[in-house]
Student: 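Pasting in a structure now, in structure tokens, and then I'll have a few things to ask.
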Protein chains: 2
Amino acid sequence: MGTTQLESVPEPKYWHLKTVLGEALDTDFSVGEILPNERELAARFGVARATLRQALEQLELEGRLQRRRGVGTTVAPPRVGVDVSTTQAQWPGSGEEAWNPVDCTLVVPPAAVARLLDPDRGADEPVHTVRRLRMTHGQAVAAEQLYVPARSVPDLTAIDAPSGAARARGVLRELQRLTLEGQDRAVELGSARADDAKELDRLPGAPVLLVTTRYLTDGRTAAVSVATYRADTCRLTFGDAGDFGIAS
Amino acid sequence: MGTTQLESVPEPKYWHLKTVLGEALDTDFSVGEILPNERELAARFGVARATLRQALEQLELEGRLQRRRGVGTTVAPPRVGVDVSTTQAQWPGSGEEAWNPVDCTLVVPPAAVARLLDPDRGADEPVHTVRRLRMTHGQAVAAEQLYVPARSVPDLTAIDAPSGAARARGVLRELQRLTLEGQDRAVELGSARADDAKELDRLPGAPVLLVTTRYLTDGRTAAVSVATYRADTCRLTFGDAGDFGIAS
DNA sequence: GAGTGGTCTAGACCACCAT
DNA sequence: TGGTGGTCTAGACCACTCA
């Protein structure tokens with residue numbers, strides 16, 4: 001009989017679909033090219049649209065596709081490598097990175113952040129919160145929330161604006177007067193909060209890489225940064241040489 | 001009228017559901033506790049099961065839930081921090097890490113890996129491939145594929161077994177005789193290949209953190225490692241102090 | 001065998017973008 | 001206004017675990 005081999009453990013349709021589509025992307029499409037719409041693709045493969053979408057979601061997770069509502073699905077360029085190494089410890093805002101201060105307000109930090117800050121700080125005590133965006137090629141790739149307890153910037157004058165980018169720069173300037181003793185960093189998977197998603201041009205809940213940094217000075221935590229990187233377009237790089245990586 | 005405020009931009013049901021469930025997890029459940037099954041939860045919230053699942057998927061992505069087929073949905077413990085820092089450069093297998101050599105074979109590396117290896121290497125030339133598992137608390141948290149070109153281990157004798165864990169240890173031993181000049185590292189989001197998924201006790205396609213390391217010696221790439229970490233249970237830590245992190 | 005999560009279907013409507 | 005991807009429904013069946 002001319003039947004193909006029966007799979008003893010058949011793989012799911014969407015998984016097989018993902019493989020087929022992935023190969024087609026390599027051979028039949030070039031970066032930026034737009035794919036047929038979901039309804040047509042589903043019909044072409046003989047599956048329900050939901051099943052097709054499951055395959056597309058995986059490919060998007062792996063950074064191979066980019067989908068935009070009202071526009072279509074396009075072939076994504078390779079992920080950009082963004083350097084997040086900590087070879088020489090330095091304060092945020094020094095050494096001219098690609099970070100762009102946006103705003104600064106006083107907020108009560110979330111519990112998870114409060115745990116990392118000075119333990120003998122009042123639990124509900126607000127801290128300075130600097131908001132920054134990391135730009136690459138005109139695109140925002142990361143949004144950061146930097147939490148700075150008042151005691152870390154005692155000389156912050158009232159001359160600076162009470163909020164806004166000017167005050168953000170003021171807080172960073174004051175931070176740099178402290179002696180940085182070290183920093184810790186952690187990377188984990190998360191989903192974009194509504195405000196981050198908006199600035200990163202993604203939908204809420206989009207997968208992101210959370211980079212948490214603790215700045216240490218004088219035996220205590222002087223500041224905590226939580227940076228939200230687009231997981232679809234970014235590859236975080238550490239170390240000396242830099243530009244490389246593996247697409248899944 | 002007693003209506004609640006009309007949202008000008010109503011958030012999706014699954015998003016609201018995720019928020020409600022997330023708060024319930026904090027207050028009404030403890031780690032390891034089992035949730036009602038999906039059909040009952042969906043009925044209780046008055047939504048279709050698919051919508052409820054969308055919310056559960058997000059919470060699982062954030063490491064707050066653990067779902068196992070045939071068993072149920074449980075409240076996940078906080079993510080474990082696994083150290084992947086490169087403060088002092090060292091070869092894999094030295095300094096007794098939690099890595100467990102499993103096997104060693106000869107394979108032609110995938111194109112993405114071949115690009116990182118020695119450029120004047122034959123394109124289809126097979127390389128030694130060491131397979132290792134990283135164990136934590138009796139659980140596999142990462143699976144690694146280490147690609148070692150033959151020229152990096154010229155003295156590898158035929159006395160070692162042709163494959164298996166013994167040969168894997170032999171390759172690692174030979175590697176450590178080289179002078180390590182530096183290493184690069186990159187972290188990105190991926191989805192688990194079938195073989196990795198099996199060893200990590202996940203379904204294929206599960207979100208993982210891909211850690212790619214390039215080992216440099218004598219001005220060239222002596223080895224390339226691609227480690228696949230469970231994104232749901234792991235937080236990758238860098239730097240001195242170590243144990244901290246933010247749940248999304 | 002009972003109960004769980006995983007896959008899949010065939011529809012519907014909505015939010016957004018371009019023209 | 002027409003076309004896109006995003007959300008949602010109400011079902012069905014399958015693969016797996018465990019008593």
Side-chain angles (χ1 to χ4, degrees), chain A residues 6-19 21 32-61 65-76 191-192 194 197-198 201-207 232, chain B residues 6-19 21 32-61 65-76 191-192 194 197-198 201-207 232:
Chain A
L6 187 60
E7 300 273 359
S8 59
V9 179
E11 58 184 0
K13 275 190 190 178
Y14 78 91
W15 185 258
H16 179 240
L17 208 47
K18 180 200 137 183
T19 308
L21 280 170
E33 202 172 343
I34 192 166
L35 267 63
N37 71 54
E38 296 183 351
R39 289 162 179 88
E40 177 171 342
L41 277 179
R44 189 178 299 184
F45 287 102
V47 299
R49 190 176 156 220
T51 304
L52 185 267
R53 278 179 60 82
Q54 231 176 321
L56 294 183
E57 267 150 33
Q58 286 247 349
L59 289 168
E60 192 179 28
L61 197 76
L65 287 181
Q66 205 161 336
R67 300 194 287 173
R68 271 175 303 170
R69 170 156 48 178
V71 178
T73 301
T74 55
V75 181
S191 55
K198 188 166 190 178
D201 192 27
R202 301 258 62 198
L203 290 177
D232 56 342
Chain B
L6 185 61
E7 300 273 0
S8 59
V9 180
E11 58 184 1
K13 275 190 189 179
Y14 78 89
W15 185 258
H16 179 240
L17 207 48
K18 179 200 138 185
T19 309
L21 280 170
E33 201 172 343
I34 192 165
L35 268 62
N37 71 55
E38 296 183 350
R39 290 162 179 86
E40 177 171 340
L41 278 178
R44 189 179 299 185
F45 286 104
V47 299
R49 189 174 156 222
T51 304
L52 172 76
R53 278 179 60 82
Q54 231 176 321
L56 295 183
E57 266 150 33
Q58 286 249 348
L59 289 168
E60 192 179 28
L61 198 76
L65 287 182
Q66 206 160 336
R67 300 193 288 173
R68 272 175 303 171
R69 170 156 48 178
V71 178
T73 302
T74 54
V75 181
S191 54
K198 189 166 187 177
D201 192 27
R202 301 258 62 199
L203 289 178
D232 55 342

Student: Could you list by number each residue of residues 42-58 of chain B showing a heavy-atom separation from DNA chain C of less than 4.0 Å, or answer none if no residue does?
Tutor: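 By residue number: Arg49(B), Arg53(B).
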Student: Starting at CG of Leu35(A) and ending at P of dG5(D), how long is that distance when rounded to a whole Å?
Tutor: 9 Å
Student: Rounded to the nearest 0.5 Å, how far apart are CZ of Arg53(B) and CD of Glu60(B)?
Tutor: 9.0 Å
Student: Using whole Å, what does the distance between atom C1' of nucleotide dG5(D) and atom CD of Glu40(A) come to?
Tutor: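 That distance rounds to 15 Å.
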Student: Flag the pair Arg68(B) and Asp201(B) as a salt bridge only when some basic side-chain nitrogen lies within less than 4.0 angstrom of an acidic carboxylate oxygen.
Tutor: no
Student: So Arg39(A), base contact, sugar-phosphate only, or nothing? Heavy-atom distance under 4.0 Å.
Tutor: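 Arg39(A): base contact, heavy atoms under 4.0 Å.
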Student: Please determine if a side-chain N or O atom of Thr73(B) lies less than 4.0 Å away from the OP1 or OP2 oxygen of dG5(C).
Tutor: yes
Student: Can a side chain N or O of Asn37(B) be found less than 4.0 Å away from OP1 or OP2 on dT4(C)?
Tutor: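 For dT4(C), OP1/OP2 do have a side-chain N/O of Asn37(B) under 4.0 Å.
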Student: Is there a side-chain contact between Asp232(A) and Pro207(A), using heavy atoms and a 4.5 Å cut-off?
Tutor: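 No, side chains not in contact.
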Student: Check the distance between dC14(D)'s P and Lys13(A)'s NZ and give it to me in whole angstrom.
Tutor: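 Lys13(A) atom NZ is separated from dC14(D) atom P by 12 Å.
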Student: Report the distance from atom CZ of Arg202(B) to atom C1' of dG5(C), rounded to the nearest whole Å.
Tutor: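 For the pair Arg202(B) CZ and dG5(C) C1', the rounded distance is 12 Å.
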Student: Tell me every residue that passes side chain to side chain contact (heavy atoms under 4.5 Å, CB included) with Thr73(B), counting only those two or more places apart in sequence or in another chain.
Tutor: Leu35(B), Leu65(B), Arg67(B)
Student: How long is the line joining CD of Glu11(A) and P of dC16(D), in whole Å?
Tutor: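 The distance from CD of Glu11(A) to P of dC16(D) comes to 14 Å, rounded to the nearest Å.
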Student: Using atom CD of Glu38(A) as one end and atom P of dT9(C) as the other, report the distance to the nearest whole Å.
Tutor: 14 Å
Student: Tell me: CZ of Arg68(A) to C1' of dG3(D), nearest whole Å?
Tutor: 15 Å
Student: Do you know the tightest heavy-atom contact between Ala42(B) and Arg49(B)?
Tutor: CB-CA, 3.9 Å
Student: Rounding to a whole Å, what distance do you find between Gln66(A):CD and dG5(D):P?
Tutor: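 It is 13 Å, rounded to the nearest whole Å.
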Student: According to a strict under-4.0 Å criterion, is Tyr14(B) in side-chain N/O contact with OP1 or OP2 of dT7(D)?
Tutor: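 For Tyr14(B), the contact criterion (side-chain N or O under 4.0 Å from OP1 or OP2 of dT7(D)) is met.
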Student: Please examine the side chains of Pro204(A) and Glu11(B), heavy atoms only from C-beta on, and report whether any two atoms are closer than 4.5 Å.
Tutor: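 No, side chains not in contact.
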Student: List, with names and distances, any nitrogen or oxygen atoms from the protein found under 3.5 Å away from nitrogen or oxygen atoms belonging to nucleotides 17-19 of chain C.
Tutor:
none

Student: So, using side chain to side chain contact (heavy atoms under 4.5 Å, CB included) as the criterion, who are the partners of Arg69(A) when residues are at least two apart?
Tutor: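 With neighbours one apart ignored, the set is Leu203(A).
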Student: Sequence neighbours left out, what passes side-chain hydrogen bond (donor to acceptor under 3.5 Å, both in side chains) with Gln66(B)? Give chain and number order.
Tutor: none
Student: Using the test side chain to side chain contact (heavy atoms under 4.5 Å, CB included), find all partners of Leu21(B) that sit at least two apart in sequence or belong to another chain.
Tutor: Leu17(B), Phe45(B), Leu52(B), Ala55(B), Leu56(B), Leu59(B)
